[in-house]
**Q** 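I'd like to ask you about the structure that follows.
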Amino acid sequence: MLKISPQNFTDLAKYLKTPLGKISTSNTLFTRTLNNSTSKGAMNIIFALLKDSNSNLRPTNKLIEIEIRQWLEYILIYVGNASNSQHTQNILADLNDFLKVKTYLVGNAFTIADALLYYVLFNVMTNLSNIDKEKYINVSRWFDNIQQDSTLRQNYNIVDFSTNYLASIVPAKH
Amino acid sequence: MTTIIGNDNNPATLKLVIANNFARTKCKLDLTPNDGKRQLPYLVANSDREYFIPNAAIWYLLEPSDEISEKVTELLELEAIALSPSLAFIFGGNSKSDKIKGIIKSSLDTINLEIKDKLFLIGDSVSIADIAIFSTLYPLYKSEKLFKEYLANMANIVQWIKSLEEKPEIKDALKVIFHDKVNIGHASYHTLLQSSKYVLPQDDSIPNQIQEKESPTHEKESPIHISEVVGKEELEAVEKAWKKDIKNLPKLKKINNIVLPKAGEKNIFITSALPYVNNVPHLGNIIGCVLSADVFARFSRLCNNNTLFICGTDEYGTATETKALEEGLSCQAICDKYFKIHKEIYEWFNISFDHFGRTSNPEQTELSQDLFLQLNNNGFMFTQSVEQLHCESCDRYLADRFVEGGCPNIGCNYEDARGDQCDGCGKLVNAIELKNPRCKVCGKTPVLKTSSQFFIDLPKLEPLLRHWMKISSPGWSHNADVIAKSWLKEGLKPRCITRDLKWGVPVPLDGFRNKVFYVWFDAPIGYISISKAYTKDFEQWWRPAPDAKVTLYQFMAKDNVPFHGVLFPSMLLGANRGYVTVSHIMATEYLNYEDGKFSKSRGVGVFGNDARDTGIPSDVWRFYLLYVRPESQDSSFSWSDLVTKNNSELLNNLGNFINRALVFAKNNFNKTIPKMELDQEDYNLLALCTRELKGYVASLEKAKLRDGIRHILAISKLGNQYMQSNQPWVKLKGDDKEKLRAGTVIGMSCNIACLLTTLLEPYMPDTSANLKAQLKCDNVVLDPENVEIINLLPAGHQIGEPSPLFAKIEPSRVDELKRRFAGTQVERNGIAKTAVSADVATLEAQVAKQADKVRALKSSAADKTIWQPEVKILLDLKAKLEAVKKAATPAPPADKPLVNGVAGNGEEIKALEAAVTEQGLVVRKLKEGGADKSVWQPEVQKLLSLKNQLASATGSPVQPAKGKKSKK
C-alpha cells in the first residue's frame, strides 16, 4: 500500500540538497540505497536524508522527534491513502481542526513533517475550489505560509488563496 | 498525569497498555471514552501533549535506545502501513481483496524471518517493535480459524508469541483489554477498524472491494458493532421466540380509504418538504425529502401505526412567475405542467403518499387567509411601508429578480446586475440601489414607490418559540437543531409576509387585496391545506383530541430548516389553537453529483426523469440513494459507485443469499420448507440476526435510514456465511443425519429470507413484493417494544417459483452513463425530451385556442383592425411551436430504439413536415372553396396518411401537425 510516491522523496532530497540515491519498492516498504548503505521504510529514509543533509531541520529534542514521527506516520497511512474526494475532505477537515491553533504541525517551527505534507497535499490544494479553500481556512493558511519558501516550492506553482482574504468582506455562498 | 484513552478489545489499545506496563509509568487508563468521534486509542501526556498515532504513543512511553532506533522504526512502519490496516480491512471489515491478503502474508513472512532463532525482534529484551507487532497479531493468533489459515506454518512467530504471552506485563494487559475472552479474532479487528478510522486506498488492482464500509465517515456513523460471542441468556430468548406460534402474531392493519388518528394508538403524521414547482426534481431533492419520508412512512405502517404521509407541490411565488415568462405560459399552466411531471416521477419512485396535493388548491386560500386573520387578531401582525421598484408600463411591483441595472458596488462596472445579486462581482445587491434600473420584462425604467406590507412580529413570538423548542428539538436531527438554534441566537426579526405580486393567495383585508402572501408564509400552510384536500376530517390530524396524540415528522433538506423549525411553528403557536407542531425535523445535508453540485437552476446532475430513462429499476435507485443518504454530512452520487453497490451489495450479497436459499428449496425439497432441527449454531445465527434486527428497528425509529440498510445487508451477510460454512450442497449427498442438517440449513435460510422481505419493504417495495410472491408470504408486523425472530415459514410451507431479484449492471455502462449525463440538462437534448414534449402539448392547445378565436372574429365579419393583432398572436404562437418541436425531436439516444422501429432522421422528418403543411393547405383551400365532400375527401385521406408517417418517423404518438389545421 505504497501511496506516497517516490517523487515525494525526490522533492525532499532536492529541498534538503542531498543526494537521494536509489529508491526501490518491495510490496510493503520503500528502500533507499546509497553508497552501500540502505534505509528501509519511508520514515527511515526521511530521517536519513535529514542526517545526510546536515540541515538545521534535524529534530532539536526527543519530544519533537516523536511528534515528527507521529505526523509522518499520519501522512503515510491516512493522507497517503485518501483516494476519493470523501476521504480527502475528511483529511482536510481533520487537519483544519488541528491547525486551528497551530502554525506548523510540530511545535512552533517548520519541520520536515510540514515539508512532506506540503508535497503530498500539493495536488489536492491546487484543485481545491475557492469555497473549499475557505471551508478549510486553517489548512489554506498553513499551506500558503509553507509555500512561500521557494527552495521548498522548487518548480511547483504558487497556489492562489487570494479569495480567502476577501472572505471576511464577502463570504462565499455555501 | 499521563492518560491512555482507548477501548476494549482493540489491539492498538493493547500496545499502549503493554508499553505502559513495561515502562512502569503508571499511566491512568480510561477505557470508556464518551467522545465517539475520535480515533482510539490516544495518549494525553503531562504537558497536554497528545499522541493520536499508537506507535508514536508507545515510542513516547518506552523510547528505544539510539542503537536500535532505526530497526525499530523500520519494523514499526511495517506494522503500521502493511500489517495493522490490512488485518483491519480483511477481518474487521468486509474487504476480500487478494492484494491485501497478499500483503498480510508477505509481512508475516518478513516477520517470521526476523524472529528466527531469537527471543525478541531486536536485541535481547522486549522493545516496542515486539509490543506493536505482538499486539496486532494477537487476535489472529487466538482465533482458531485464522490461526490455521495464516499462522500454521509460521513456527517462529508462534514460538515468539507464546513466550511473550507469558510475561506478566503482557498477561496483565491482555486481561485488561480482552477480559479473558477466547474467540477475539474478527471482533477485535472490527474494533480496530472502527477505532483507527483507517482509509482503504482505492486501487484499480483490487477488484470488487467495498470502499464505503471502510471509509472513516461511515465508521463514525455506523452503530454496527457485533462481536460474535453470544451469551446464554440471549440464546435462550432467541430459542423461545423461535418456537412461538406464527398464528399468534398480530396482523398488519388493512388500510381503509382514509387514515385518521385513533385514541390510544400511535398516530404518526409524516410530511415531506413541498417541492417547488418550477423544475424537475433532481436526485438530491428526492433523497432529501420524499424518498426519506417514504421509507419512514412505510416503516411506520409496518409497525401498525396509524400513518398519514402527505406532500404536494409548492406553486405560488416569484419563481413560478419567472418560469412562466420564460416559457411563455400562464402561471397556472406552468404549475399544471410541472405538477404532472412531479407526480409521475414520484410514482415511478414508488413514493407511497397518502395524498400528493398542490398549494394552488382552494383550501390553501381559505386556510392561509384564516391563519393570517387569526394571527392578526392575536396581535402578531403589523404593517410598515416598504420601498419597492414599480414598473409603470407593466403595472406591477418588480420582485428583485425582475430588475436589472448597473452594479452599485464600488469597483464593479457590470451593467446587467440582477436586483438580488451581481453576476459580475458576485456580491449581494439591494435592488433599489441599482444604477439605471430597468424592468426585465419590458426594459422601461421603473420608479421607486412605497407600498405598505404586512409583517409578522417574530420578536413577540420569540419567548413562545424558545419554550417550545426546548421541548421539541431533542427529537430533531442534529443539523436541524444547530440551524434553528443559530437563528434564535441571532434574535428573530420581523418578517415581511406580503408582496405586490399576482400569483399567490390574496390578502383578505381592505387596502391589501391586490397583494398576495409571500411564498414562505403560505407554503407551510400547504401541509394543512393538502391534508384538508385529503380528508374533511383533517382537523383530527392537525388539532387532535387529547387522547389521540399525533406525532409530526417533517423531512427536508437542511436549507428548509428555518421555515419548519422557526417560522412555521411561530405561526402555529401564535394562532393559539392547539395545532400540532413538529416533533421531529429530519433534515439531510446535501447530495453532490460526482464531485460537483447538483443544480436545478443550471440543470447539472441526474433528474427524476433521467433516472427512469437509464433503465435501472427504481428499487436500485432507491437503494443507492438511501445507501449514500447525506445523513450527517454531505455525500456524493457517483455512477461507478452506484454500479459497484448494485453488483456487490445487491447482487452478490443480498440477491445471492436469497436466491440460493430458494433455489435449494425448490430443487431438493420440492418447493417445501423442510423439517428443521436447530442446534447451537443455528440459534447462534438467530441471535446475531436478532441483534441486527434490533439495530434495524432502532435506526429506523430514529429515521437513521442509512444505518437501517446496513443492518439488512449485515443479515444477508450472516446468511451467506452460514450457508458457506454449513455447505448444504455437500450434506445433501450424505446419510440421513446429514440430510436433515442440510434441510435445517435451507429452512433457516428461507426463514431469514422471509424476514428480509419485510425489512426490505420500506427500502425496496418492488423487490419486497416480488420476494413475497416467491416465498408466498406476507409482511410481518414489527414491534419496536419486542423485537424477535419467529419461525415465519414453518416446515411444510409451500413456496413459489424462485427467480433472481437483481440484475448485474456491467461496469462498462459507467462511462456511458457518465457521458450521457455530463454537462447540463439543456445540453442533453435527448433527455430534455420529456419536458419539451409537454411544452408541445400546451403550445398546441394554445395555438388551437387562438385559432378558434381568430376564426370566430373573422366569421363575425369584424373589421380587419380588430382581428389583425389576434392573427399576429396566432402566428407568433405557431412559430414558437415550430421551434419547440424542432428541439423536441432530436436524434434518439443510440441505446434506445424507437418505439416502432422506424429510424427517423432529421431530414426525412423535415420533408414530411413540409409535405404535411402543403397537403394541409390543399385541403383547406378545397374546403374553403366550398368544394363537394367527394372532392376533398381523398385529399384529407392523403393528409392523414402523411401525418401518420410523420408521427412514426419522429417516434412520438402526439399529432405533430395539429396546430396547422387552423386557418391562417
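Throughout, protein chains are lettered first and strands after them, A, B, ... in sequence-line order, and every chain is numbered starting at 1.
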**Q** What heavy-atom pair brings A/Ile66 and B/Trp59 nearest, and what distance separates the two atoms?
**A**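 In terms of heavy atoms, the two residues are closest at CG1-CD1, 3.4 Å.
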
**Q** Output, in order, the C-alpha distance, side-chain angles, deciding distance and verdict of side chain to side chain contact (heavy atoms under 4.5 Å, CB included) for B/Ile81 and A/Asn81.
**A** CA-CA 10 Å; B/Ile81 73 168; A/Asn81 281 338; over 6 Å; no

**Q** What residue, out of B/Pro54, B/Ala45, B/Ala56, has the most heavy-atom pairs lying under 4.5 Å from chain A?
**A**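 Going by pairs under 4.5 Å, I would pick B/Ala56.
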
**Q** Examine whether an atom of B/Glu50 lies under 4.5 Å from a heavy atom of chain A, and if so say whether it belongs to the side chain, the backbone or both; otherwise answer neither.
**A**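 Backbone only.
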
**Q** Measure the OG1-CE distance between B/Thr73 and A/Met43 for me, rounded to the nearest 0.5 Å.
**A**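 So the OG1 of B/Thr73 and the CE of A/Met43 are separated by 7.0 Å.
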
**Q** Between A/Ala48 and chain B, with a heavy-atom cut-off of 4.5 Å, which part of the residue counts as in contact: side chain, backbone, both or neither?
**A**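 Contact with chain B is absent: no heavy atom of A/Ala48 under 4.5 Å.
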
**Q** Search all heavy atoms of A/Leu63 against all heavy atoms of B/Tyr51 and return the closest pair with its distance.
**A**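 For A/Leu63 versus B/Tyr51, the nearest heavy atoms are CD2-OH, 3.9 Å.
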
**Q** Side chain to side chain contact (heavy atoms under 4.5 Å, CB included) for A/Gln70 and B/Asn55? Distances and angles first, verdict last.
**A** CA-CA 8 Å; A/Gln70 157 151 300; B/Asn55 285 356; over 6 Å; no

**Q** Measuring from atom OG of B/Ser69 to atom CG of A/Asn44, what distance do you get when rounded to the nearest 0.5 angstrom?
**A**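 Between atom OG of B/Ser69 and atom CG of A/Asn44 there are 7.0 Å.
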
**Q** Mind telling me whether A/Tyr78 and B/Tyr198 have parallel, tilted or perpendicular rings, with 30° and 60° as the class edges?
**A**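 Parallel: the ring planes of B/Tyr198 and A/Tyr78 meet at under 30°.
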
**Q** Evaluate whether atom CG of A/Asn61 has more than 12 neighbouring non-hydrogen atoms of other residues, nucleotides or ligands under 6.0 angstrom away.
**A**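 More than 12 heavy atoms, drawn from other residues, nucleotides or ligands, come within 6.0 Å of this atom.
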
**Q** Got a sec: does the NZ of A/Lys102 have more than 12 other heavy atoms crowding it under 6.0 Å?
**A**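 Yes, the 6.0 Å shell around NZ holds more than 12 heavy atoms from other groups.
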
**Q** Under the side-chain contact (heavy atoms from CB on, under 4.5 Å) test against A/Lys40, which residue among B/Glu70, B/Glu77, B/Lys71, B/Glu74 passes?
**A**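 By the side-chain contact (heavy atoms from CB on, under 4.5 Å) criterion, A/Lys40 pairs with just one of B/Glu70, B/Glu77, B/Lys71, B/Glu74: B/Glu74.
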
**Q** Flag the pair B/Asp66 and A/Lys62 as a salt bridge only when some basic side-chain nitrogen lies within less than 4.0 angstrom of an acidic carboxylate oxygen.
**A**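 Here B/Asp66 pairs with A/Lys62 in a salt bridge, since their nearest N and O are under 4.0 Å apart.
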
**Q** Could you state the interatomic distance from CG (A/Asn90) to NZ (B/Lys197), rounded to the nearest 0.5 Å?
**A**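 The NZ atom of B/Lys197 is 10.0 Å from CG of A/Asn90, to the nearest 0.5 Å.
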
**Q** For the atom pair CZ (A/Arg69) and CD1 (B/Ile53), what is the distance rounded to the nearest 0.5 Å?
**A**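 Interatomic distance, A/Arg69 CZ to B/Ile53 CD1, rounded to 0.5 Å: 13.0 Å.
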
**Q** Is the count of non-hydrogen atoms from other residues, nucleotides or ligands lying under 6.0 Å from B/Lys101 atom NZ greater than 12?
**A**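 Yes, enclosed.
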
**Q** At a 4.5 Å cut-off on heavy atoms, which part of A/Glu65 comes close to chain B: side chain, backbone, both, or neither?
**A**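 Just the side chain, heavy atoms under 4.5 Å.
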
**Q** Considering only heavy atoms, which portion of B/Ser196 lies under 4.5 Å from any heavy atom of chain A: side chain, backbone, both, or neither?
**A**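 For B/Ser196, backbone and side chain are both near chain A.
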
